[in-house]
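One structure is given here, and the rest of the page talks about it.
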Amino acid sequence: MQLPRNDTMNQNPNKGPAATPGEGEDATDPRVARREKMSQIEAMGYDPFGSRFDNRDMLGKCIDKASEIKFKTEAGDLIDLPSFDDPDLDYRQWKSDQGPGEEVGPTVRVSGRIMLMRTKGKLIFINIKDWTGSIQLFIGKQQVGEEDFALAKLFDLGDLVGAEGRLGRTNTGELTVFAEKLYFHTKMLDPPPDKHAGLTNVDLRQRMRYADLAFNEGPMETFVNRTKIIKSVRATLDADDFCEVEGPTLHVIAGGAAARPFETHHNALDMPLTMRIALELHLKRLMVGGMERVYELGRVYRNEGLSPRHNPEFTMLEAYQAYGDYETMMDLTERVICNAIETIGGGFKREFAGQEIDFTPPFKRETYADLFQAATGVDAADEAAVTKYAQSLGLETKGKHPDVIRNEIFEEKVEDTLEGPIFVIDYPASICPLTKRKRDNPEIAERFELFICGMELANAYTELNDPDLQQQLFETQLEGLDEEESMAKMDHDFIRALRHAMPPAGGLGIGIDRLVMILTGQKSIRDVILFPVLRPTE
RNA sequence: GAGAGUGUAGCUCAGUCGGUAGAGCAUUCGACUUUUAAUCGAAUGGUCCUGGGUUCAAGUCCCAGCACUCUCACCA
């Protein structure tokens with residue numbers, strides 16, 4: 001059998017002494033010690049990488065079974081144990097008050113990763129953890145016998161081990177499996193991080209997500225919550241009869257958003273392809289085809305900078321509802337978010353980055369123009385005043401469309417101050433090339449963005465379904481961009497699709513990673529993405 | 001892409017004015033049959049991110065590079 005290569009917890013895996021026993025000669029290298037113990041475990045007839053282990057009692061269930069533990073008196077009476085919620089309880093005293101007798105608990109069969117270990121003469125206390133909980137094992141030489149005790153002495157922190165025994169309480173009241181039989185599942189060959197501090201190096205936590213999940217407290221809960229949130233989002237849409245689809249991730253023309261795409265190439269067709277930057281244009285094609293309520297929850301890719309709020313690949317929800325409009329989508333957005341909150345619990349009043357956010361529906365709704373005026377004192381419709389104000393902020397105004405200037409001011413002065421949740425509604429039309437204008441005011445687009453803690457979480461429109469106007473807006477958007485800068489190219493097939501009649505509709509996009517951030521209290525997007533993009537070490 | 005910070009033992013971190021490299025945990029040995037980050041005694045463990053420079057002397061000062069973090073920009 002070939003032994004796996006010796007990688008270390010170090011940033012430079014080539015650093016450090018050889019970890020093969022007998023070669024390194026360094027008896028204090030934890031990796032050497034672990035391999036030495038692995039050999040001894042093997043010599044005792046155990047497989048250091050284990051095999052199938054059926055009928056496990058999950059530790060969460062074992063904790064639930066604690067109430068089944070009784071104290072059996074000498075007379076044979078079974079009495080309930082005292083409440084361990086009481087911090088003043090002296091269980092040792094309580095037991096001695098009962099006189100002679102013993103605890104009787106159910107027999108369990110458990111396994112998990114060794115998180116803590118204390119040897120005390122002929123006793124070993126081990127805390128193991130599985131993904132439902134953790135529990136203490138009591139291993140006494142007399143109780144398990146010479147052979148199992150010898151095995152237990154070869155255990156290391158991080159090993160996966162199993163035990164069978166009765167559930168009980170130690171003198172201090174700690175719920176404990178009093179082992180009668182031990183099992184060995186898998187040896188951890190690399191040394192684990194500090195047993196108390198865990199793995200705190202942010203870089204290593206992301207590079208070695210396995211170690212982050214295995215040895216740190218929060219990450220498992222965050223990622224399980226992420227899964228729950230995504231399931232809840234699907235459930236909300238499915239309950240509304242939305243149809244989930246899978247659009248192409250390889251696009252000939254990456255459209256539907258303003259972002260640089262990743263470029264790739266198809267060999268057989270000898271054709272350039274780009275990774276999608278949005279889901280929009282294909283979902284709209286499906287609405288033309290008659291999928292009246294359609295959504296996709298999937299990965300999109302944008303070749304842009306990284307930040308605590310940006311990862312090059314991220315998960316996006318886009319949903320389209322025929323015969324709706326942006327108001328329809330506001331209601332849907334509220335339902336999606338509120339249902340997700342109820343799924344993971346914790347109530348509508350939540351904290352993020354030190355701010356309390358109240359998600360009790362309905363969320364606030366304010367127009368772009370009102371927020372603009374409130375923050376700047378300038379009437380957004382007064383072009384001259386807006387330009388003057390922009391110049392006072394030091395913004396370049398020459399040759400820019402007035403709406404672009406407005407939006408720069410808005411982003412500068414308003415967005416960061418929006419604690420939310422708040423729907424900002426009715427955007428200047430010319431910055432919304434895929435949006436239908438208000439019937440009574442063509443300057444204003446029927447669009448909203450949902451802001452929470454200054455972060456854009458959702459974006460929705462009353463969708464533009466006029467093919468001629470759509471084509472014209474695309475052309476305007478492409479004007480002035482040179483070949484290099486041009487992020488979007490005219491998608492003629494999309495225009496043709498619109499000519500086949502797309503129903504009036506509301507469309508919604510939600511940044512799922514950001515939603516998970518807000519709902520789980522994680523300040524960095526990298527803490528809600530299992531494997532964020534990282535530069536390789538080497 | 002710009003600015004600031006960080007990089008020291010397997011992990012978490014100290015390191016003063018430039019003068020022999022430190023602690024806790026982990027590891028190894030010893031004691032301990034109800035421990036709680038067990039405790040106690042001993043030992044071991046270093047390419048101080050990399051490469052240059054200044055200096056009698058550099059973990060420490062200077063320059064360049066690499067990686068990460070934060071802030072900003074692009075963006076959702």
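As the structure is a prediction and not an experimental result, all values here were calculated from the model. Lettering follows sequence order; numbering is per chain, from 1. Any value given below was found using the heavy atoms of this structure, including those in side chains, with hydrogens, waters and symmetry copies removed.
- Note on A/R205: nothing from the nucleic acid sits closer than 4.0 angstrom, heavy atoms only.
- Pair assignment for B/rC32 gives none, since no Watson-Crick or G-U wobble pairing has each distance under 3.5 Å.
- No option in A/D426, A/T333, A/T435 other than A/D426 meets the side chain to side chain donor-acceptor pair (under 3.5 Å) test with A/Y326.
- Put simply, the side chain of A/R113 gets close to the backbone of A/G158: a donor and an acceptor are under 3.5 Å apart.
- Candidate nucleotides B/rU35, B/rC11, B/rU33 were compared by shortest atom distance to the side chain of A/F138, and B/rU33 ranks first.
- The residue A/G509 sits apart from the nucleic acid: no heavy atom pair falls under 4.0 Å.
- Across all strands shown, A/M117 has heavy atoms under 4.0 Å from sugar-phosphate atoms exclusively, and none from any base.
- When each of A/K195, A/R35, A/K37 is tested with A/D156 by the rule salt bridge (charged side-chain N to carboxylate O under 4.0 Å, His left out), just one qualifies, namely A/K37.
- Between A/K195 and B/rA38 there is a side-chain N or O to OP1 or OP2 distance below 4.0 Å.
- Listed nucleotides B/rU12, B/rC74, B/rU35 differ in distance to A/Q136; the shortest reach to its side chain belongs to B/rU35.
- At a threshold of 4.0 angstrom between heavy atoms, the contacts of A/K95 with the nucleic acid are absent.
- Formation of a donor-acceptor pair under 3.5 Å by the A/T462 side chain with backbone atoms of A/G506 is not found in this model.
- For B/rU71, the paired base is B/rA2 (Watson-Crick or G-U wobble, both distances below 3.5 Å).
- Taking only side-chain nitrogens and oxygens, A/K120 never comes nearer than 4.0 Å to OP1 or OP2 of B/rU39.
- Picking from B/rA76, B/rA73, B/rC32 the nucleotide with the shortest atom distance to the side chain of A/E456 gives B/rA76.
- Distance from the side chain of A/P30 is smallest to B/rA26 among B/rU28, B/rA26, B/rU35.
- The partner of B/rG24 is B/rC11, by the rule that a Watson-Crick or G-U pair needs both atom distances under 3.5 Å.
- A/R526 has a side-chain polar atom (N or O) that falls below the 4.0 Å cut-off from OP1 or OP2 of B/rU69.
- No engagement by A/N303 is indicated, since no non-hydrogen atom pair under 4.0 Å with the nucleic acid exists.
- In this structure, the nucleotide among B/rA76, B/rU69, B/rA37 sitting nearest to the side chain of A/F314 is B/rA76.
- Between the P atoms of B/rA21 and B/rU69, the separation comes to 32 Å (whole Å).
- Remark: the separation of the C1' atoms in B/rA57 and B/rG18 is 8 Å, to the nearest Å.
- The phosphate of B/rA38 (OP1 or OP2) has a side-chain N or O of A/R118 nearer than 4.0 angstrom.
- Ranking B/rC74, B/rU12, B/rU35 by closeness to the A/R260 side chain, first place goes to B/rC74.
- Distances from the side chain of A/D203 to the nucleotides B/rC25, B/rU34, B/rA67 place B/rA67 closest.
- Taking atom C1' in both B/rA14 and B/rA2, the straight-line distance is 33 Å, to the nearest Å.
- A heavy atom closer than 4.0 Å to some atom of RNA chain B occurs in A/Q142, A/Q143, these being the qualifying members of residues 142-155 of chain A.
- Note: A/F84 and A/Y91 meet the aromatic proximity criterion, with ring centroids under 6.0 Å apart.
- One donor-acceptor pair, N or O on each side, does fall under 3.5 Å between the base of B/rG24 and the side chain of A/D194.
- No aromatic stack links A/F125 and the base of B/rA38, using centre distance under 5.5 Å and interplanar angle under 30°.
- The separation of B/rU16 from B/rG52, taken at their C1' atoms, amounts to 27 Å, rounded to a whole angstrom.
- With a 3.5 Å ceiling on both atom-pair distances, B/rA57 lacks any Watson-Crick or G-U wobble partner.
- Base pairing annotation: B/rG18 forms no Watson-Crick or G-U wobble pair, as no partner gives both donor-acceptor distances under 3.5 Å.
- The side chain of A/R302 contributes an N or O atom lying less than 4.0 Å from OP1 or OP2 of B/rA76.
- Across all strands shown, the partner of B/rA64 is B/rU50, judged by Watson-Crick or G-U wobble contacts whose two distances both fall under 3.5 Å.
- Heavy atoms of A/E411 sit nowhere under 4.0 angstrom from any nucleic acid atom.
- Listed pair A/K141 / B/rC32 fails the phosphate criterion, with no side-chain N or O lying under 4.0 Å from OP1 or OP2.
- Here B/rU33 is the nucleotide among B/rU35, B/rU33, B/rU27 with the atom lying nearest to any side-chain atom of A/K122.
- Taking A/F125 as the reference, A/F138 meet the ring-ring contact (aromatic ring centres under 6.0 Å, His included) condition, with sequence neighbours excluded.
- Within 4.0 Å (heavy atoms only), A/R92 reaches sugar-phosphate atoms of the nucleic acid but no base atom.
- Counting any heavy atom pair closer than 4.0 Å across all strands shown, A/L515 reaches no nucleic acid atom.
- Considering only side-chain atoms of A/T200, the nucleotide from B/rC32, B/rA76, B/rC13 that sits closest is B/rC13.
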